[in-house]
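Only heavy atoms go into these numbers, but all of them, side chains included; no hydrogens, no water, no symmetry mates.
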Amino acid sequence: MKIISLLLIFQFFTLMSIAQVNTTRVMAIGRNALYFEDYILSIQYFNQVIRAKPWLAEPYFYRAIAKLSLEDYKGAEDDCTLCLERNPFMWSAYYARGIARQSQELYEAAIQDYKRGLELQPNDRSMMSNQAIAFIQEKDYAQAGTALEELIKAYPKNSFGYLTRGAMYIEKGDTVQALNDYDKAIEIDPYYAPCYGNRAIVLYQTGRFREALADLNEAIYLNARESGYYINRGLVRYQLNDLRGAMADYDQVIEMDSRNLIARFNRGLLRFQVGDNNRAIEDFDVVIELEPDNYMAFYNRALLRYETGNFSGSVSDFDVVLNKYPNFMPGYFSRAESKRKMNDIVGADRDYWKGVELDEQHRKGQIPSVASSNGSNTTQDGQSEEDKTREQSDKNIDKFNRLVVYDKEEEQRSRYQSEVRGRIQDKNVQIDIEPSFVLSYYEREKPVNEAVYYNKTVETFNSRMVLAWKMLITNREVALNEEQIAAHFASINEYSSKIDENPVNADNYFGRAIDYMLVQDFSEAIANFNRVIELDPKYTLAYFNRAVVREKQMEYNQSKTLSNPNEMNTMNLQIGGNSLIQTFPSMSIDAVNLETRDNRQIEYELILHDYDVVIQQNPDFIYAYFNRGNMLCYQRDYRAAINDYNDAIMRDPDFAEAYFNRGLSRLSLGDVERGIADLSKAGELGILNAYNIIKRMTN
């Protein structure tokens with residue numbers, strides 16, 4: 001199926017290349033796809049431009065960005081090189097290639113790229129940060145210290161320089177200096193969760209568990225979606241003998257990510273420890289399913305199966321472990337007990353005497369001694385704090401009963417990830433309103449506590465079965481994979497054939513418009529929605545999605561009008577003389593000319609008009625009120641936006657996103673009490689970021 005899909009993609013783009021390629025338009029669609037995180041699709045468009053005009057530098061650069069986001073670091077490096085061969089003065093290509101090389105642990109080469117980039121773009125904060133991190137990774141602490149001093153001097157009010165230098169001191173073993181820098185980072189930015197999360201790691205490592213707990217509590221309050229903070233807090237609580245609290249933290253991680261191996265393994269151990277054996281088995285079942293070579297999980301499940309009377313299952317698990325670790329003495333004694341319960345006396349005696357033989361060999365030093373000689377999963381008295389845990393990559397079966405912690409290398413990566421990895425074209429967003437809803441075929445997987453949206457109008461449309469896929473309403477869009485991309489290009493061709501046969505069927509234009517939207521060709525999507533509405537002025541869903549696509553197109557177009565891609569329009573949330581910055585997609589009109597401003601106002605009016613029509617035709621379609629409220633927020637017409645959110649909430653009292661956005665709008669107008677009440681309700685309904693904002697505003 002995958003090969004067929006790839007052939008469809010190839011055929012589509014080959015057909016495009018036969019005709020004269022409008023590279024400007026294809027490039028724009030590719031950047032649309034990249035901006036909206038549709039990386040695989042964007043690469044296909046950039047490929048077309050490169051085939052048509054291989055001398056252009058930009059398509060190689062943007063293809064490199066897409067590959068970086070897909071973690072194809074070698075491919076990204078090669079594309080940046082091709083870009084720089086065509087334009088050696090493109091500083092952003094040096095920056096991107098530096099990230100690609102740094103991610104491949106080619107630190108010296110990355111440093112040279114950042115140096116060259118900084119010659120062309122002096123004092124760029126991200127390149128200065130990444131260069132310092134690369135020096136640390138090279139263990140060139142003298143150069144790293146110098147680079148960090150320059151970073152802190154250039155950006156004295158930015159916490160990242162202190163956070164990075166703190167990480168450097170940890171690697172040097174200087175926890176005192178590390179704590180000083182983390183203290184300074186918190187002083188500068190007391191609402192940035194990593195400041196507390198990083199300091200908590202140092203406090204944990206130095207045995208200051210209660211202080212570490214306080215920092216992790218703060219980090220979680222500021223960023224309730226970061227699972228690593230819960231895992232670390234679980235470890236701290238375990239060290240403080242708060243098993244119930246540790247269990248609650250692992251419960252939270254698993255609710256957020258049911259496939260989190262560390263949380264599953266640790267919760268399984270804790271459940272074993274408190275006698276909740278059946279549910280402990282369930283956790284180890286998941287670990288083994290996700291990681292079939294996790295022999296520690298097999299051994300713990302074997303012990304649990306013995307405790308619950310599943311002796312044959314227990315023997316089966318012991319077999320797996322002992323085949324891998326034939327000198328693991330406790331395994332033979334434990335398997336002997338299981339076999340004895342099954343009346344396999346011969347097998348039990350054989351295992352027992354094998355265990356005795358290994359014990360004798362251990363005592364004579366003929367084979368290494370084991371860390372534990374019993375089958376208990378409880379931590380022995382007298383162990384050091386370090387002996388109560390093991391790193392995730394540590395596969396020593398003797399440590400089967402220890403809680404798992406992140407590897408030191410993973411901890412180091414997490415300290416630097418915000419600068420080195422991820423989309424370098426990301427917007428500098430601090431707080432976002434919840435995005436607008438759209439009719440699509442796909443959505444991101446939701447956490448357990450997020451709502452599943454149902455709408456009668458959409459269900460009625462789906463019951464007509466006029467489209468190839470079932471539509472849903474979502475504001476959690478997902479990028480397409482290769483098979484989906486191919487399917488929608490093929491679908492465009494199918495709809496085109498149907499339209500040739502019957503040019504007055506509105507459903508076919510609507511289906512083709514959805515396909516064009518999904519492959520990020522907004523101009524064609526709008527043209528097809530226009531045709532739907534010409535044929536059927538009562539086609540409510542066409543008005544709705546046309547407005548959404550126009551909003552996407554406007555957001556992308558406005559991102560190109562700014563001289564600095566990180567400049568954003570701001571909305572002030574004020575308490576007294578203090579303000580909290582609310583960042584939205586680039587809506588500032590001061591830096592553009594009058595013609596652009598007029599065009600933008602026309603776009604606003606077209607979008608709002610479409611939502612007006614939707615509401616007129618279907619007054620209970622709550623998502624039109626919500627989306628229109630968002631557009632009014634972008635125009636800073638917060639009172640009108642609040643009215644729309646009110647209408648949405650009146651029709652659906654559990655509309656979490658509407659409470660969240662209404663809360664931000666009220667805060668923007670200085671209505672603190674009701675704004676915080678709305679955010680509290682949004683948090684209650686599952687939008688955890690609301691608590692972060694409440695914390696900032698109440699402080």
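- Counted by atom type alone, Tyr35 and Glu555 present one or more donor-acceptor pairs between their side chains at under 3.5 Å.
- No close placement of the His488 and Tyr495 rings is indicated, their centers lying 6.0 Å or farther apart.
- Between the side chains of Arg31 and Ser42, no donor-acceptor pair of N or O atoms lies under 3.5 Å.
- Counting only N and O atoms by type, the side chains of Asn618 and Thr457 include a donor and acceptor under 3.5 Å apart.
- Salt-bridge formation is detected for the pair Arg25/Asp521: a Lys NZ or Arg NE/NH1/NH2 atom is positioned less than 4.0 Å from an Asp or Glu carboxylate oxygen.
- Side-chain contact annotation: Asp678 with Tyr659, donor-acceptor N/O pair under 3.5 Å absent.
- Taking the charged nitrogens against the carboxylate oxygens, Asp612 and Arg628 do have a contact shorter than 4.0 Å, which makes a salt bridge.
- Asn661 and Asn630 share a side-chain donor-acceptor pair at under 3.5 Å.
- Note: Phe655 CZ to Tyr625 OH = 12.0 Å, rounded to the nearest 0.5 Å.
- Salt-bridge formation is detected for the pair Asp507/Arg464: a Lys NZ or Arg NE/NH1/NH2 atom is positioned less than 4.0 Å from an Asp or Glu carboxylate oxygen.
- The cationic group of Lys470 does not satisfy the cation-pi geometry with Tyr441, failing either the under 6.0 Å distance to the six-membered ring centre or the 45° limit from the ring axis.
- Annotation for Glu534: atom CD counts as buried by contact number, over 12 foreign heavy atoms lying within 6.0 Å.
- The pair Arg662-Glu657 does not meet the salt-bridge criterion, since no charged nitrogen lies less than 4.0 angstrom from a carboxylate oxygen.
- Ring-centre distance between Phe626 and Phe660: not below the 6.0 Å cut-off.
- Stacking of Arg531 on the aromatic ring of Tyr509 is recorded, both the 6.0 Å distance cut-off and the 45° axial limit being met.
- Salt-bridge check for Glu477 with Lys552: passed, with a basic side-chain N closer than 4.0 Å to an acidic carboxylate O.
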